[in-house]
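No experiment lies behind these values; they were computed from the predicted model shown.
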Amino acid sequence: MSSGFASRLLAWFERHGRHGLPWQHPRTAYRVWVSEIMLQQTRVETVVPYFTAFVDRFPDPETLADAPLDEVLHLWSGLGYYARARNLHRAARVVVERYRGELPQEPAALEALPGIGRSTAAAILAQAHDRPMAILDGNVRRVLARHRAVDGWPGQSRVQATLWGIAESLVPGSRAADYTQAMMDLGALICTRSRPACSRCPVAGDCQARLQDRVAELPAARPGRAVPTRTRWAALVRSPAGILLERRAPSGIWGGLYSLPEADEREQLVDRMTACWAGVCEQDGPPARIAHTFSHYRLDLWIVSFRLPSVPCGIMEGQAAIWYKPAFSHAVGLPAPIARFLRDQGTPHDGTNG
DNA sequence: GAGTCGTGGCG
DNA sequence: TCGCCAAGACT
């Protein structure tokens with residue numbers, strides 16, 4: 001029992017909450033929607049510049065629906081989880097065709113749109129329309145697991161169901177928009193993962209984790225497991241004309257973006273490069289190594305940079321391959337590790353063909 | 001239910 | 001350097 005939970009939280013929010021986030025001014029359903037999608041598994045500071053550019057170019061569902069997917073992906077590139085961009089684009093077309101450009105206000109209709117799950121639907125309805133609906137994101141999970149001393153890893157469905165129940169029971173009948181933002185602000189600013197600022201917490205008085213001195217151990221960590229390492233060799237083929245890349249499949253990792261040739265083709269590519277490698281090794285130095293950690297595995301990517309010989313070689317024959325030019329890259333976007341590599345190395349700007 | 005999907009920050 | 005994980009949803 002925690003009577004007055006929402007009242008204390010809202011009072012704290014007035015003075016200490018975040019009130020200047022871009023999607024709060026103006027707080028339309030469309031802008032809240034875009035922000036919620038971008039914020040999935042992504043920090044606020046990272047999202048802000050992407051959000052601003054995105055809604056500047058696509059100010060409403062119609063504009064977004066009319067735009068080619070390539071342009072949407074371009075504004076998303078570097079943000080990660082590109083399925084979000086594809087789903088957002090698809091959903092915008094549904095909203096225009098089926099709902100006359102207005103986001104539906106029924107939870108079920110909202111959840112039926114691609115990319116919108118239970119929590120995101122609730123967040124949109126609460127923030128844009130003040131509907132008293134509970135959300136359960138990473139912040140809320142942490143706040144509730146501590147305040148009610150909920151044991152178990154929140155990723156477990158049983159624990160998740162418990163947390164949803166608590167979340168539902170605490171939502172106030174009014175001021176749902178402020179309450180929702182307040183919960184996330186509390187989790188982000190006070191009830192942080194490490195070293196939470198309990199002395200400044202408005203609901204510390206009846207926080208069970210605090211009363212039991214278990215703040216540091218809640219919420220329970222996910223069960224550990226081994227992280228496999230995948231090592232790959234990749235070739236970054238440079239020439240005065242540009243860099244050889246190919247477009248990836250529309251789904252899967254880096255879907256719809258441009259990157260190095262895949263799998264079998266890449267193996268052949270490396271083989272064919274071997275002959276050239278010795279001659280340019282001294283000039284270009286050792287291969288650049290990019291170690292990248294994904295959610296569940298570690299990818300060691302070795303990138304070999306060298307210049308094409310003047311005579312055409314087989315790697316230019318691939319149907320899927322395209323010649324990369326700087327201007328084109330900005331129109332589509334590159335995977336961050338590769339984009340960073342190109343930025344550090346400097347991209348050729350003297351390309352004329354392709 | 002368990003994997004997958006990006007990137008960046010932090011201890 | 002390394003493991004964890006953050007405004008989750010989808011397969």
On a whole-Å scale, what distance lies between the P atoms belonging to C:dC4 and B:dG3? 14 Å
Tell me what A:Glu111 touches on the nucleic acid: a base, only sugar-phosphate, or nothing, going by heavy atoms under 4.0 Å. nothing
Distance to the ring centre below 6.0 angstrom and angle to the axis at most 45 degrees; does that hold for A:Arg158 and A:Trp153? no
For residues 88-95 of chain A, which residues have at least one heavy atom under 4.0 Å from DNA chain C? none
If you pin A:Gln40 and A:Arg193 to their nearest nucleotides in DNA chain B, which one's is more 5'? A:Gln40
Side-chain N or O of A:Thr42 versus OP1/OP2 of C:dA6: is the shortest distance under 4.0 Å? no
How many Å lie between CG on A:Leu110 and P on C:dA9, as a whole number? 11 Å
Gap between atoms CD and P, on A:Glu36 and C:dA6 respectively (whole Å): 16 Å
Sequence neighbours excluded, every pair satisfying ring pair (Phe, Tyr, Trp, His ring centres under 6.0 Å) that has a member inside residues 31-61 of chain A: A:Trp23-A:Phe51, A:Phe54-A:Phe58, A:Phe54-A:Trp76
Taking atom types as they are modelled, is there a donor-acceptor pair under 3.5 Å from the base of B:dG9 to the side chain of A:Thr46? no
For a quick check of understanding: with a heavy-atom distance under 4.0 Å over all strands, which category does A:Ile116 fall into, base, sugar-phosphate or nothing? sugar-phosphate
Taking side chain to side chain donor-acceptor pair (under 3.5 Å) as the test, write out the residues that go with A:Thr42, two or more places apart. A:Arg84
With sequence neighbours excluded, residues passing side chain to side chain donor-acceptor pair (under 3.5 Å) with A:Arg31: none
Does a side-chain N or O from A:Thr120 land closer than 4.0 Å to OP1 or OP2 of C:dA9, or not? yes
Length of the line joining A:Gln160:CD and B:dA2:P, which is rounded to integer Å: 13 Å
Rounded to whole Å, the CZ-P distance (A:Arg142 to C:dC4) equals 17 Å
What is the distance, to the nearest angstrom, from the OH atom on A:Tyr50 to the P atom on B:dT7? 9 Å
Between A:Tyr82 and B:dT7, is there a contact of a side-chain N or O with OP1 or OP2 at under 4.0 Å? yes
Starting from the 5' end of DNA chain C, give me the residue, A:Arg141 or A:Ala221, whose nearest nucleotide shows up first. A:Ala221
B:dG6 versus C:dT11 - spacing of their P atoms, nearest Å: 14 Å
Touch check for A:Trp23, heavy atoms < 4.0 angstrom, all strands: base, sugar-phosphate only, or nothing? base
May I ask you to decide whether A:Glu14 forms a salt bridge with A:Arg8, counting only side-chain N to carboxylate O separations under 4.0 Å? no
Separation of C:dC4 P from A:Glu217 CD (nearest whole Å): 18 Å
Assign each of A:Arg18 and A:Asn87 the nucleotide of DNA chain C bearing its closest heavy atom; nearer the 5' end lies the nucleotide of A:Arg18
A:Ser157 has its side chain closest, among C:dA6, B:dG1, B:dG11, to B:dG1
Quick one: do the A:Gln127 and A:Glu36 side chains pair a donor with an acceptor below 3.5 Å? yes
Integer-rounded Å distance: C:dG8 P and A:Met38 CE: 15 Å
Test: salt bridge (Lys or Arg N to Asp or Glu O under 4.0 Å). Region: residues 37-65 of chain A. Which pairs qualify, not counting sequence neighbours? A:Arg57-A:Glu71
Return the set of residues passing side chain to side chain contact (heavy atoms under 4.5 Å, CB included) with A:Pro107 (not counting sequence neighbours), or none when no residue passes. A:Leu125, A:Arg131, A:Met133
d(CZ, A:Arg86; P, B:dG6) in whole Å: 7 Å
Which residue lies more 5' along DNA chain B, comparing A:Glu45 with A:Gln41 via nearest heavy atoms: A:Gln41
